[in-house]
There are 2 protein chains.
Amino acid sequence: MSVEFDQILLVPGYRKVATAITERILSRELREGERLPPETELARQFGVNRSTVREALRELQSGGLLERRPGSKLMTVSRPQHRAIAKDVSRALALHDVTFFEVWEALTQLEPPIAEIATRNRTAVDLASISAACEQFAQRSTETEKAVHHAAEFFRCVGRATHNQVLALAQEPLLDLLEPSLRVLIDRIPQARARIAGAQHRIHEAIAKRDVEAARGWMVKHIRDFRKGYELADIALDCRIG
Amino acid sequence: MSVEFDQILLVPGYRKVATAITERILSRELREGERLPPETELARQFGVNRSTVREALRELQSGGLLERRPGSKLMTVSRPQHRAIAKDVSRALALHDVTFFEVWEALTQLEPPIAEIATRNRTAVDLASISAACEQFAQRSTETEKAVHHAAEFFRCVGRATHNQVLALAQEPLLDLLEPSLRVLIDRIPQARARIAGAQHRIHEAIAKRDVEAARGWMVKHIRDFRKGYELADIALDCRIG
DNA sequence: GATGGCCTGATTGTCGGACAATCATACGAT
DNA sequence: ATCGTATGATTGTCCGACAATCAGGCCATC
């Protein structure tokens, strides 16, 4: 057993084409919004069949590196949108049987710092969108579906106000995963709507006044409230999501 | 302008097939490891051509929902692996011109809590893997490439020790993004190796002793050190990564 | 000048059929 | 029991084809 050989791997053509185009995009040779040559032309350049090119394109398309502007045929290079990426992450976590508790624990660690940084970095525009999100929730919270959506939207606005893409993107999957349980919670505990609205109001106020400590403090309470709600609504914390 | 029509959207066949299979997987009708029928059979069932099925499969494959065990032809259902998902996230962030500062700021907020929770939840096995990661770094840090890899691996071990998948996955993209700058840093600042090794040692010790405060404290210092290193190495913090 | 109709070429979505290479399996020879 | 071999199934890739849609130019009408 002195001689050992590396595993020989044969990469199919559609994969080679996909990585070739991906590299061009990552190296910024192909920039956002630029139009990709038509399939027949790509097939000619790569020296493969159009079917092979198409399989490669589907790969890039689902990765968000290519998109088609609505009502157009040509593919254009695009940067993966945060929401789309977050969807993939939350889907993966759901398939890995992530529990309510894990999501809540992550929110506990992530949201207070986000509130703090948002308070420092928010612009007037950010504040306006946070304010609008508060009002939307307060007005539309009678419908469960709308309420859940606007509760998450509030977090998104605060996240954007940090002006830190990494933090904003990190919280997105958590909001996706929070949604289903939040739906149950809001349905079972009527007073939850008022509590959430109150917390949003206080956080908004603190961010408006640039009161870092208050913003963090109210956010801590806000997140803690979710857990209390779970217990009141009789949702098992170690139950998997989805 | 009283009448308005919704945008009419026509979904191509390969997309319909893809979502159909995706739904089966998400609803757990198709479980992990289960083998997908061959392409011809899928084409028959869906009533479309094999080419159409293949395009759909590429989509699911790149999303990590399907994979082919090496040396096998049939597709099997798989749950997206954390590392693969993290790669997509870090790629997206890189394309969105995320800066060193944003990554560092996120690490500042995320890693101390992770250290804290890991200290509480770690098992003997976790501790052993953290210990091994420390030693690997200490021994292999002469080669820049290995050093960078093992520095990230240390964080991964701590992340796993939290036994919280959400937190562990959240930090993965940050480590990916940290790598290139860490490579420059370690190359330019020779003494960085020793500082990192020292911090790892102290954090490991604290986690071993279940000293939550110490673990958090040393992690804070560890992360802060990265920033100092950037400044010493003359890396602009607001420079984009990639 | 703006609007709408019409034509033409380019492009995509989908189809059918084809074939070599590889995998899975069973069978038989040593 | 181990090793060849034959056979069928499956994938990767190719070719050619056609309808539907898109982009753009040209022209008539108002």
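First the proteins, then the strands, lettered A, B, ... as listed; each starts at 1. Keep in mind that what you see is a predicted model, and the values were worked out from it rather than measured.
When the shell of 6.0 Å around CZ of A/Arg68 is examined, it contains more than 12 heavy atoms from other residues, nucleotides or ligands.
Residues A/Glu29 and A/Glu34 approach most closely at O-OE1, 4.1 Å, considering heavy atoms. Here the closest non-hydrogen pair linking A/Glu102 and B/Asn164 is O-ND2, 3.1 Å.
Between B/Phe137 and B/Phe154, the distance from one ring center to the other does not fall under 6.0 angstrom.
No N or O donor and acceptor, one from the side chain of A/Arg54 and one from the base of C/dT11, sit under 3.5 Å apart. With hydrogens and angles ignored, a donor-acceptor pair closer than 3.5 Å exists between the side chain of B/Arg50 and the base of D/dG12.
The nearest heavy atom of DNA chain C to B/Val48 and to B/Arg35 marks one nucleotide each, and the one closer to the 5' end goes with B/Val48.
When the C1' atom of D/dT13 is taken as reference, atom CZ of A/Arg15 falls 16 Å away, rounded to whole Å. D/dA23 atom P lies 13 Å from atom CZ of A/Arg69, rounded to whole Å. Atom P of nucleotide C/dT12 and atom CG of A/Leu57 are separated by 8 Å, given to the nearest angstrom. B/Asn49 places its CG atom 14 Å from the P atom of D/dT11, with the value rounded to the nearest Å. The interatomic distance linking B/Leu74 (CG) with D/dT11 (C1') rounds to 10 Å, in whole Å. Protein atom CE of A/Met75 is 14 Å distant from nucleotide atom P of C/dT11, rounded to whole Å. One atom, CD of B/Glu59, and another, P of C/dG13, lie 11 Å apart when rounded to the nearest Å. Distance, A/Glu55 CD to C/dT12 P: 16 Å, rounded to whole Å.
The phosphate of C/dC15 has OP1 or OP2 within less than 4.0 Å of a side-chain N or O from B/Thr52. At least one side-chain nitrogen or oxygen of A/Tyr14 sits closer than 4.0 Å to the OP1 or OP2 atom of D/dG12.
Looking at heavy-atom distances under 4.0 Å, A/Arg68 makes contact with sugar-phosphate atoms alone, never a base.
Distance from the side chain of A/Lys73 is smallest to D/dT21 among C/dC23, C/dG16, D/dT21.
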| CA sep, side-chain torsions, deciding dist, call: B/Arg58, A/Glu59, salt bridge (Lys or Arg N to Asp or Glu O under 4.0 Å) | CA-CA 6 Å; B/Arg58 292 297 90 76; A/Glu59 206 164 292; 5.0 Å; no
